[in-house]
Amino acid sequence: RKEVEQDPGPFNVPEGATVAFNCTYSNSASQSFFWYRQDCRKEPKLLMSVYSSGNEDGRFTAQLNRASQYISLLIRDSKLSDSATYLCVVVGPAGYALNFGKGTSLLVTP
Amino acid sequence: NAGVTQTPKFRVLKTGQSMTLLCAQDMNHEYMYWYRQDPGMGLRLIHYSVGEGTTAKGEVPDGYNVSRLKKQNFLLGLESAAPSQTSVYFCASSPWGGAEAFFGQGTRLTVV
């Protein structure tokens, strides 16, 4: 079983829609959790960290459920510029490297 | 703000040739990483370093070597390139393990 699993999509949504991505991880002792965004042919960039209490940054909300080993990302009021691949990232118990999911592709259409 | 810089950005190699990819960071980060990204596979860790003079194997280290002689530089070497090493290579750095990682712009390598 891969350490980090995501639905690859693609998710096609109209502008203004709300969309949610899910991610599961296999190691219950994992330490840190992030969502990264990757545009086509570009490097991954941090979108937001994910905390146990949940956190929000504008239109983006991230949640962590340690009991279920589950991470989510909610995007409200989708913009065309949100079209990208969203990568779920988990740092394992050894704490040395980021383990990436394969990514979920989002396309926001006019 | 340079951040993480990778050179070269593009390269075509013939099977059996060797090359070195250079990664430089100006953020004084302790940790540095080399990943490769292939379609349908996501990013996979090749090698990493937790400080100057240290290196360790990641998930897919075979066919690659690395060195971290200076804190700001992390070199990835291919001794004898194979077509299976055609990929996009990303270098990243972070201040400590488990922290946000900052990525370079990537190197697109084709081995023919």
Side-chain angles (χ1 to χ4, degrees), chain A residues 1-10 21 23-52 55 57 60 62 64 66 71 84-105, chain B residues 1-7 9-10 21 23 25 27 29-51 54-61 66 68 74 87-109:
Chain A
R1 180 184 172 189
K2 185 138 173 63
E3 283 204 52
V4 183
E5 297 202 43
Q6 296 180 249
D7 180 347
F21 305 139
C23 168
T24 58
Y25 60 96
S26 61
N27 194 322
S28 61
S30 295
Q31 294 187 6
S32 308
F33 309 88
F34 305 94
W35 283 102
Y36 276 68
R37 169 190 170 132
Q38 186 174 27
D39 294 299
C40 187
R41 302 178 73 83
K42 298 286 190 179
E43 74 274 23
K45 292 184 178 179
L46 180 71
L47 178 66
M48 58 197 306
S49 301
V50 187
Y51 305 119
S52 296
N55 47 305
D57 182 3
F60 299 85
L64 167 64
R66 283 192 180 270
I71 305 160
T85 297
Y86 291 82
L87 304 170
C88 177
V89 183
V90 174
V91 178
Y96 64 79
L98 286 73
N99 298 306
F100 285 80
K102 294 183 180 180
T104 298
S105 176
Chain B
N1 283 345
V4 180
T5 303
Q6 291 181 232
T7 53
K9 291 189 171 41
F10 302 93
L21 283 66
C23 177
Q25 54 98 1
M27 295 173 283
H29 286 171
E30 291 294 333
Y31 283 57
M32 295 188 75
Y33 314 90
W34 277 106
Y35 287 89
R36 61 177 288 175
Q37 186 173 35
D38 303 292
M41 297 296 292
L43 283 113
R44 294 180 292 169
L45 182 65
I46 305 171
H47 285 280
Y48 66 99
S49 168
V50 301
T54 75
T55 62
K57 293 180 180 180
E59 180 185 355
V60 289
V66 288
R68 183 114 181 256
F74 195 29
S87 188
V88 180
Y89 292 85
F90 286 104
C91 176
S93 72
S94 66
W96 61 84
E100 171 192 357
F102 296 82
F103 282 79
Q105 292 181 309
T107 296
R108 296 187 177 277
L109 175 66

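Predicted model, so just to flag it, every value in this text is computed and none were measured. In what follows, chains are A, B, ... by sequence order, proteins preceding strands, each numbered from 1.
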Legend entry - Test item: B/Tyr35 side-chain N/O and A/Phe100 main-chain N/O as donor-acceptor pair under 3.5 Å: no
Inset, instruction - Determine yes or no for a side-chain-to-main-chain donor-acceptor pair under 3.5 angstrom, with A/Tyr36 supplying the side chain and B/Ala101 the backbone. - result: yes
Does any backbone or side-chain atom of [X] lie under 4.5 Å from a heavy atom of chain A? Answer side chain, backbone, both or neither.
X: B/Arg108; result: side chain
X: B/Leu43; result: both
X: B/Ala92; result: neither

At what distance, to the nearest 0.5 angstrom, does [atom1] of [X] lie from [atom2] of [Y]?
X: A/Asn99; Y: B/Glu59; atom1: CG; atom2: CD; value: 7.5 Å
X: B/Phe103; Y: A/Leu46; atom1: CZ; atom2: CG; value: 10.0 Å
X: B/Arg44; Y: A/Lys102; atom1: CZ; atom2: NZ; value: 9.0 Å

Inset, instruction - Answer yes or no: are there more than 12 heavy-atom neighbours, outside B/Gln105 itself, under 6.0 Å from its atom CD? - result: no
Inset, instruction - Report yes or no: do B/Gln6 and A/Glu43 form a side-chain donor-acceptor pair below 3.5 Å? - result: no
Legend entry - Greatest number of heavy atom pairs closer than 4.5 Å to chain A - which of B/Tyr33, B/Trp96, B/Phe102: B/Tyr33
Inset, instruction - Determine the option with the most heavy-atom pairs under 4.5 angstrom with chain A, choosing from B/Ser94, B/Gly106, B/Gly104. - result: B/Gly104
Legend entry - Minimum heavy-atom distance between B/Gly98 and A/Ser32, given as atom pair plus value: O-OG, 3.1 Å
Inset, instruction - Between chain B and each of A/Gln6, A/Gln31, A/Gln38, count heavy-atom pairs under 4.5 Å; write down the option with the most. - result: A/Gln38
